[in-house]
Protein chains: 2
Amino acid sequence: MKIDDDVRIRLKEKFEEFIKSKRMRQTPERFAILDKALDQHVHFDIDELYRDIEKEYRVCRATVYNTVELLCECNILRKHYLNENQAAYELADDRHLHLICMSCGSVREVRDEKFNQYFEQLKFKQFKPTFVSTNIYGICSQCSRKNHKDLN
Amino acid sequence: MKIDDDVRIRLKEKFEEFIKSKRMRQTPERFAILDKALDQHVHFDIDELYRDIEKEYRVCRATVYNTVELLCECNILRKHYLNENQAAYELADDRHLHLICMSCGSVREVRDEKFNQYFEQLKFKQFKPTFVSTNIYGICSQCSRKNHKDLN
DNA sequence: CCTCTTAAGAGAAATGATTTTCATTTTTTT
DNA sequence: AAAAAAATGAAAATCATTTCTCTTAAGAGG
């Protein structure tokens, strides 16, 4: 994600406050997981995060699951369901559409101000929205080309 | 879904043609599964569909999975990922947003012409879109009320 | 700083949706 | 009607995620 140091510090403080307000404990694991989560690509899954953490620390997969869940609760991360394999996580304030290839499973991010505007003005009866996850399924150019070749 | 008979017949023919074009076999199971899929609610999962089919026919879960996959390939159904438990399927031509409650998991459909217009004009470099799945996560009014009570 | 309480972590086992395997059945072709 | 091959059923396998139990260590109070 290439997070600026000041953002990183702000998010750490945010997490710290959240933990305190919930009367939970500030464990080194929790902060290590936050730190590594901020080093990931735009979207990542638990396994990618775990394999990255593993190089440096010794944490249990279940702890990674638990902590990432907390990071979602306190609005630092957001959980998306892009495909059936596993949940994908992203920084909460990075809004974009997902272009998902139904052939190879690749995911590309596209930012669009009009899209953000559209959603900001949306209001619902009887429903308080927190965030939007928009998945556009189709075929990426690489698979499209490959398919053409395969037919020859 | 409350499908009109003529739509039902058209979709059956569409599936029939798809099967023929792929040189696959027209089995009674496949048409029974299509028929029951069209009886479901706006969105349904394999388990719901299976339990409904089970009452009348004797089909294997794996066959339901396979056939629903085929129905997606031939553009009759679409596969959505609303939450981590299981995939949800919907009729391909019923476009809407999903309001998903993060507390109880309920899903509500909202149709919006502006949303359809927005997406129809979208163009992407190097990506051929097939369909859009928009999930809005938040808290439904029921859970919102319940939460308030719980705090008292 | 020390001790106690208990939340949190480790590791392993369990769960549940989906996929795979393989023997058997059934469709389609000849 | 018989042969060839695809599809089904049933059961086992897979894999992300959750749960369980035992152990460790954070944080409150002294």
Side-chain angles (χ1 to χ4, degrees), chain A residues 12 15-37 40 43-54 56-74 77 79-89 102 105 107, chain B residues 15-37 43-54 56-74 77 79-89 102 105 107:
Chain A
K12 192 191 161 179
F15 191 34
E16 214 173 301
E17 273 174 45
F18 175 80
I19 288 176
K20 276 186 197 159
S21 74
K22 288 259 186 180
R23 307 248 173 102
M24 293 186 302
R25 293 178 181 176
Q26 304 197 47
T27 65
E29 288 85 357
R30 283 178 175 162
F31 291 108
I33 291 166
L34 166 61
D35 210 50
K36 288 294 180 187
Q40 302 305 301
H43 61 269
F44 61 93
D45 58 44
I46 296 286
D47 206 58
E48 286 167 347
L49 177 58
Y50 177 75
R51 286 200 307 267
D52 195 30
I53 292 170
E54 204 183 20
E56 208 163 325
Y57 305 94
R58 208 158 154 293
V59 244
C60 179
R61 251 198 178 71
T63 302
V64 178
Y65 274 98
N66 290 336
T67 303
V68 164
E69 195 57 41
L70 284 180
L71 289 169
C72 287
E73 271 179 52
C74 86
L77 294 181
K79 192 171 187 174
H80 297 260
Y81 307 100
L82 308 180
N83 56 54
E84 63 206 319
N85 299 325
Q86 63 232 113
Y89 297 88
M102 294 190 291
V107 180
Chain B
F15 192 35
E16 214 174 302
E17 273 174 43
F18 174 80
I19 288 176
K20 276 186 195 158
S21 75
K22 287 259 186 179
R23 307 249 173 101
M24 293 184 303
R25 293 178 180 176
Q26 304 198 46
T27 65
E29 286 85 357
R30 284 180 174 161
F31 290 108
I33 291 167
L34 166 61
D35 210 50
K36 288 293 180 188
H43 61 270
F44 62 93
D45 58 44
I46 295 288
D47 206 58
E48 286 167 346
L49 178 58
Y50 177 75
R51 287 200 308 266
D52 195 31
I53 291 171
E54 206 184 17
E56 208 164 325
Y57 306 95
R58 206 161 156 291
V59 243
C60 180
R61 252 197 177 71
T63 303
V64 178
Y65 274 99
N66 291 334
T67 303
V68 165
E69 194 56 42
L70 284 180
L71 290 168
C72 287
E73 273 180 51
C74 85
L77 295 181
K79 193 172 188 174
H80 297 259
Y81 307 100
L82 309 180
N83 56 54
E84 63 205 322
N85 299 325
Q86 62 232 114
Y89 297 87
M102 294 190 292
V107 180

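FYI, side chains are in, hydrogens and waters are out, and symmetry mates aren't considered; it's all heavy atoms of this structure. The chains referred to below are lettered A, B, ... by the order of the sequence lines, with proteins before strands, and numbering in each begins at 1.
Counting all heavy atoms, side chain and backbone alike, B:Tyr50 lies closest to B:Cys60 at CE1-C, 4.1 Å. What you find for B:Ala37 and B:Leu77 is that their closest heavy atoms are CB-CD1, 4.4 Å.
No donor-acceptor pair closer than 3.5 Å links the side chain of A:Asp52 to the backbone N or O of A:Glu48. The backbone N or O of B:Thr63 lies less than 3.5 Å from a partner atom in the side chain of B:Thr67, making a donor-acceptor pair.
Each of B:Tyr65 and A:Glu29 was matched to the nucleotide of DNA chain C holding its nearest heavy atom; the match closer to the 5' end belongs to A:Glu29. For the pair B:Pro28 and B:Glu84, both in contact range of DNA chain C, the more 5′-proximal nearest nucleotide belongs to B:Glu84.
In this structure, A:Glu54 places its CD atom 12 Å from P of C:dA10, rounding to the nearest Å. The CZ-P distance, from A:Phe31 to C:dG9, rounds to 11 Å in whole Å. The interatomic distance linking B:Arg61 (CZ) with C:dT21 (C1') rounds to 18 Å, in whole Å. With rounding to whole Å, B:Glu69 atom CD is found 11 Å from C:dT18 atom C1'.
Listed by first and then second residue, the side-chain hydrogen bond (donor to acceptor under 3.5 Å, both in side chains) pairs that reach into residues 18-36 of chain B are B:Arg8-B:Asp35, B:Lys36-B:Glu56, sequence neighbours excluded.
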* Check against side-chain contact (heavy atoms from CB on, under 4.5 Å), B:Phe15 and B:Ile33 -> CA-CA 11 Å; B:Phe15 192 35; B:Ile33 291 167; over 6 Å; no
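Here the range on DNA chain D touched by chain A, meaning any atom under 4.0 Å from one of its heavy atoms, is D:dA16 to D:dG27.
One finds the CD atom of A:Glu54 at 9.0 Å from the CG atom of A:Asp47 (value rounded to the nearest 0.5 Å). With values rounded to the nearest 0.5 angstrom, B:Cys72 atom SG is found 9.0 Å from A:Met102 atom CE. Distance check, rounded to the nearest 0.5 Å: CD1 of B:Ile19 to CG of B:Leu34 gives 8.5 Å.
For the contact set between residues 19-26 of chain A and DNA chain D, defined by any heavy atom under 4.0 Å, the members are A:Arg25, A:Gln26.
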Between side-chain atoms of residues 79-86 of chain B and protein atoms elsewhere (two or more places apart, or another chain), which donor-acceptor pairs fall under 3.5 Å?
from    : atom 1 : to       : atom 2 : distance (Å)
B:Lys79 : NZ     : A:Glu84  : OE1    : 3.0
B:Lys79 : NZ     : A:Glu84  : OE2    : 3.1
B:His80 : ND1    : B:Ser133 : OG     : 2.7
B:His80 : NE2    : B:Glu90  : OE1    : 3.3
B:Asn83 : OD1    : B:Asn85  : N      : 3.1
B:Glu84 : OE1    : A:Lys79  : NZ     : 3.1
B:Glu84 : OE2    : A:Lys79  : NZ     : 3.0

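Between the axis at the start and the axis at the end of the helix from C:dC1-D:dG30 to C:dT30-D:dA1 there is an angle of 40°, using five pairs per end and rounding to 10 degrees.
At a threshold of 4.5 Å between non-hydrogen side-chain atoms, the residues A:Tyr89 and A:Gln40 do not count as touching.
At a threshold of 4.0 angstrom between heavy atoms, the contacts of A:Asn66 with the nucleic acid are absent. Residue contacts shown for B:Asn85 are limited to sugar-phosphate atoms, with no base heavy atom under 4.0 Å away.
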What does the list of N/O pairs under 3.5 Å between the protein and nucleotides 11-13 of chain C look like, with a distance for each?
from   : atom 1 : to      : atom 2 : distance (Å)
C:dG11 : OP1    : A:Arg58 : NH1    : 3.4
C:dG11 : OP1    : A:Arg58 : NH2    : 2.4

